[in-house]
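The structure appears right after this line, and notes come after that.
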Amino acid sequence: MWIHGTYHNAGIINFAMQLLSIEIINEVIWYKRNSFPNLSGDDLQQVMRPILWAHSGKKRQYLFNYEHSKQGKYDEDRLKASGKQMRTVWDISNNKNRDELKYGKHPTQESQNVLYVVLIQLFSRSRQCVFSAFCRSW
């Protein structure tokens, strides 16, 4: 499972997962280069989001396309170089396409660009249908 959070809730989510014996495999830091500006001017602009990759099974029985994560070309991630292992810091745009905005905008709505990297490229076989919302696009 992948859980998106903020600094407000990432710590308590981590703690709750430990209480429930849910293993945290990685914490990914998503650098949002075009994040929402800090309009109040009373603290720093939030440009990152923690994403926890976790799993609740006794054994790690899930598909992870390691070779694809290493050899794959991720145009949306400015930090990923082909032939290098994928890291836990991602620089992926938060730009949304029209389909993502057709039901309205929300300041915490995450981009399909991140979901595409995680669900389609790293954790599926040959771009299989993971969620029906993504099947038509990929």
Side-chain angles (χ1 to χ4, degrees):
M1 80 180 101
W2 287 80
I3 301 172
H4 291 247
T6 68
Y7 70 93
H8 297 97
N9 61 16
I12 193 70
I13 290 171
N14 185 324
F15 181 69
M17 292 172 76
Q18 290 179 42
L19 290 176
L20 295 169
S21 298
I22 296 173
E23 177 188 11
I24 297 173
I25 298 167
N26 282 120
E27 177 186 40
V28 173
I29 300 301
W30 173 27
Y31 168 64
K32 295 170 66 172
R33 69 180 90 107
N34 55 340
S35 65
F36 195 74
N38 177 0
L39 300 176
S40 66
D42 57 2
D43 62 359
L44 300 172
Q45 179 184 8
Q46 291 297 315
V47 297
M48 60 76 84
R49 292 284 187 272
I51 306 171
L52 296 176
W53 172 19
H55 121 81
S56 61
K58 297 281 185 205
K59 296 179 182 178
R60 288 189 174 186
Q61 295 178 339
Y62 51 82
L63 174 68
F64 173 60
N65 292 328
Y66 172 76
E67 283 303 317
H68 193 281
S69 76
K70 186 174 178 182
Q71 302 302 331
K73 187 170 183 335
Y74 298 88
D75 294 330
E76 359 6 79
D77 188 348
R78 292 184 181 173
L79 297 176
K80 171 67 175 92
S82 185
K84 300 287 185 180
Q85 290 183 335
M86 189 163 221
R87 299 177 181 170
T88 58
V89 177
W90 298 350
D91 177 5
I92 299 174
S93 170
N94 193 36
N95 291 337
K96 297 168 186 69
N97 63 42
R98 286 192 177 164
D99 283 347
E100 292 178 80
L101 300 173
K102 68 182 172 187
Y103 298 111
K105 297 179 184 180
H106 191 279
T108 61
Q109 178 182 349
E110 306 299 14
S111 171
Q112 284 184 4
N113 290 335
V114 172
L115 295 175
Y116 173 71
V117 168
V118 171
L119 297 175
I120 305 300
Q121 294 191 19
L122 295 181
F123 296 96
S124 67
R125 290 181 179 85
S126 301
R127 296 182 174 207
Q128 72 188 35
C129 181
V130 178
F131 286 144
S132 61
F134 295 109
C135 293
R136 64 178 169 18
S137 304
W138 319 116

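Ring pair Trp30/His4 is perpendicular by interplanar angle, where above 60° counts as perpendicular and below 30° as parallel.
Between Tyr31 and Arg78, the closest side-chain pair of non-hydrogen atoms is not below 4.5 Å.
Looking at Lys80, its side chain does come within 3.5 Å of a backbone N or O of Lys70 through a donor-acceptor pair. Remark: side-chain polar atoms of Asp77 are paired, donor with acceptor, to backbone N or O of Asp91 under 3.5 angstrom.
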Got a list of side-chain donor-acceptor pairs under 3.5 Å for residues 17-29, not counting sequence neighbours?
from: Gln18; atom 1: NE2; to: Asn14; atom 2: OD1; distance (Å): 2.5
from: Glu23; atom 1: OE2; to: Arg60; atom 2: NE; distance (Å): 3.2
from: Glu23; atom 1: OE2; to: Arg60; atom 2: NH2; distance (Å): 2.6

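Residue Leu52 is grouped with residue Met1 when hydrophobic side chains (ILVMFWY) are merged at heavy-atom distances under 4.5 angstrom, including chains of intermediate members. Both Ile51 and Met86 belong to a single network of hydrophobic side chains, linked directly or stepwise wherever heavy atoms of I, L, V, M, F, W or Y lie under 4.5 Å apart. Linking ILVMFWY side-chain heavy atoms closer than 4.5 Å, directly or via other members, places Tyr66 and Trp90 in a single hydrophobic cluster.
Take Ser40 and apply the side-chain hydrogen bond (donor to acceptor under 3.5 Å, both in side chains) test, not counting sequence neighbours, and it matches Asn38, Asp42.
Taking CD1 of Ile92 as the start and NZ of Lys32 as the end, the distance is 11.5 Å to the nearest 0.5 Å. Atoms CZ and OH, on Arg49 and Tyr7 in that order, are 9.5 Å from each other to the nearest 0.5 Å.
Residue Arg87 places its CZ atom among 12 or fewer non-hydrogen atoms of other residues, nucleotides or ligands, all under 6.0 Å distant.
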